[in-house]
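Please read these numbers as outputs of a predicted model, since none were measured by experiment.
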Amino acid sequence: MTDETYYAHPSAVIDAGATIGADTRIWHFCHVMAGAEIGPGCTLGQNVFVAGGVVLGRGCKVQNNVSLYTGVVCEDEVFLGPSCVLTNVLNPRAGIERKDQFRTTRIGRGATVGANATVVCGVTLGAYCLVGAGAVVTRDVPAYGLVVGTPARQVGWVSRAGHRLALDGAGRATCPETGEGYQLHNGLLRPLA
């Protein structure tokens, strides 16, 4: 079922059977396939492809030139930067059909994937993590983790607002924008409130 209060540019192709929430905006040259589920308040920039079986939660932003293949599941308020890549098969071959080997990639609430980053299928990106531009993610990223490079490695932590956190000797940090406190415990960062 599709909520008719969404906007789709006339050049966009929305297949029958796609579910699109209220106040979603779909821009130039997008294609949303049957079976895709797009929540309310999302934005799809130009030239975005969304395959059947993809799930986008509320308020997601998918920037220009991103293809979301079957197996991608994004929670609310996920940001996918321009031209980032999310794969769905580990060892694709043109001459071998591997649709039965699609792996799920889960992206937690509020996470950001930077421009031109690649996320190899089968990983989980934790809530509010930040994947730097051009990184290649080959393994799970913890909630609030900051990863960069090829292959991606964790170099720190970020707040919900996306600011890099400076942990003190007791593993505590405060977001410079919101004032929210965070605590590192057993290798995982958690908000204090």
Side-chain angles (χ1 to χ4, degrees), residues 2 6-21 23-94 98-99 102-139 141 145-152 158 162:
T2 296
Y6 72 90
Y7 169 79
H9 186 272
S11 65
V13 175
I14 313 295
D15 292 348
T19 302
I20 302 169
D23 300 320
T24 287
R25 295 176 308 277
I26 301 171
W27 294 103
H28 305 72
F29 314 115
C30 290
H31 182 189
V32 180
M33 293 185 69
E37 297 178 31
I38 300 174
C42 292
T43 301
L44 304 184
Q46 72 178 28
N47 198 38
V48 168
F49 170 75
V50 184
V54 168
V55 177
L56 292 178
R58 175 183 302 273
C60 292
K61 294 188 189 247
V62 182
Q63 300 299 296
N64 297 351
N65 305 312
V66 174
S67 293
L68 301 175
Y69 299 109
T70 301
V72 172
V73 177
C74 297
E75 294 181 7
D76 296 346
E77 300 174 351
V78 166
F79 181 91
L80 300 176
S83 302
C84 72
V85 175
L86 296 106
T87 70
N88 66 356
V89 173
L90 282 179
N91 58 344
R93 295 288 194 197
R98 292 200 166 125
K99 290 182 179 176
F102 287 170
R103 294 199 177 186
T104 300
T105 298
R106 296 189 182 284
I107 304 177
R109 180 186 179 100
T112 293
V113 177
N116 294 306
T118 298
V119 179
V120 175
C121 62
V123 302
T124 297
L125 304 183
Y128 301 102
C129 74
L130 196 150
V131 175
V136 177
V137 179
T138 59
R139 58 185 173 190
V141 176
L146 170 62
V147 298
V148 298
T150 304
V158 294

- What distance separates I26 CD1 from Q46 CD, expressed to the nearest 0.5 Å? 14.0 Å

- Do the non-hydrogen side-chain atoms of L56 and V62 ever get within less than 4.5 Å of each other? yes

- Task: Might you point out which heavy atoms bring C42 and R58 nearest each other, and give the distance in Å?
- Result: SG-C, 4.4 Å

- Note on the structure: One should read off an interatomic distance between D15 CG and M33 CE, to the nearest 0.5 angstrom, of 6.0 Å

- Determine the interplanar angle of the F49 and H31 rings, folded into 0 to 90°, and report it as parallel if under 30°, tilted if 30 to 60°, perpendicular if over 60°. perpendicular

- Item | CZ on F102 to CG on N88, rounded to 0.5 Å | 4.5 Å

- Could you point out which residue of T105, V55, L86 forms a side-chain contact (heavy atoms from CB on, under 4.5 Å) with L68? L86

- Message: On a heavy-atom basis, which atom in A16 and which in A34 lie closest, and how many Å separate them?
- Response: O-CB, 3.0 Å

- Any side-chain heavy atom of L80 sitting closer than 4.5 Å to one from C74? yes

- Query: Do Y7 and W27 have side-chain heavy atoms sitting under 4.5 Å apart?
  - Reply: yes

- Would you say N91 and R98 make side-chain contact, with heavy atoms under 4.5 Å? yes

- Return yes if some donor-acceptor pair links the side-chain N/O of N65 with the main-chain N/O of P82 below 3.5 Å, else return no. no

- Worked check of side-chain contact (heavy atoms from CB on, under 4.5 Å) between V50 and L44: CA-CA 9 Å; V50 184; L44 304 184; 4.0 Å; yes

- Task: In plain terms, say whether R109 and E77 are close enough for a salt bridge, that is, a side-chain N and a carboxylate O under 4.0 Å apart.
- Result: yes

- Least distance between heavy atoms, A8 atom then A12 atom: CB-CB, 4.4 Å

- Check the side chains of N47 and N64 for a donor-acceptor pair under 3.5 angstrom, ignoring hydrogens and angles. no

- Message: Set out, in order, the CA-CA distance, both residues' side-chain angles and the distance that settles side-chain contact (heavy atoms from CB on, under 4.5 Å) for V131 and L125, then state yes or no.
- Response: CA-CA 9 Å; V131 175; L125 304 183; 4.2 Å; yes

- Message: Is there a side-chain contact between I20 and I14 in this structure, where contact means two heavy atoms from C-beta onward sitting under 4.5 Å apart?
- Response: yes

- Message: Could you tell me if the side chain of H9 sits less than 4.5 Å from the side chain of F29, heavy atoms only?
- Response: no

- Item | Minimum side-chain heavy-atom gap L90-R103 below 4.5 Å | yes

- Query: Minimum heavy-atom separation for P151 to T138, with atom names?
  - Reply: CB-OG1, 4.2 Å

- Any idea which heavy atoms bring T70 and G52 closest together, and the distance? OG1-O, 2.7 Å

- Task: State, to 0.1 Å, how close G132 and V148 come at their nearest heavy-atom pair, and which atoms those are.
- Result: CA-CG1, 4.3 Å

- Message: Test side-chain contact (heavy atoms from CB on, under 4.5 Å) on V141 and V123; report intermediate values, then the result.
- Response: CA-CA 8 Å; V141 176; V123 302; over 6 Å; no

- Any side-chain donor paired with an acceptor under 3.5 Å for T124 and R106? no

- Item | Under 3.5 Å donor-acceptor, T112 side chain and L130 backbone | no

- Between T24 and Y6, is there a donor-acceptor pair closer than 3.5 Å when you use the side chain of the first and the backbone of the second? no

- Heavy atoms, side chains only, cut-off 4.5 Å: are V113 and C84 in contact? yes

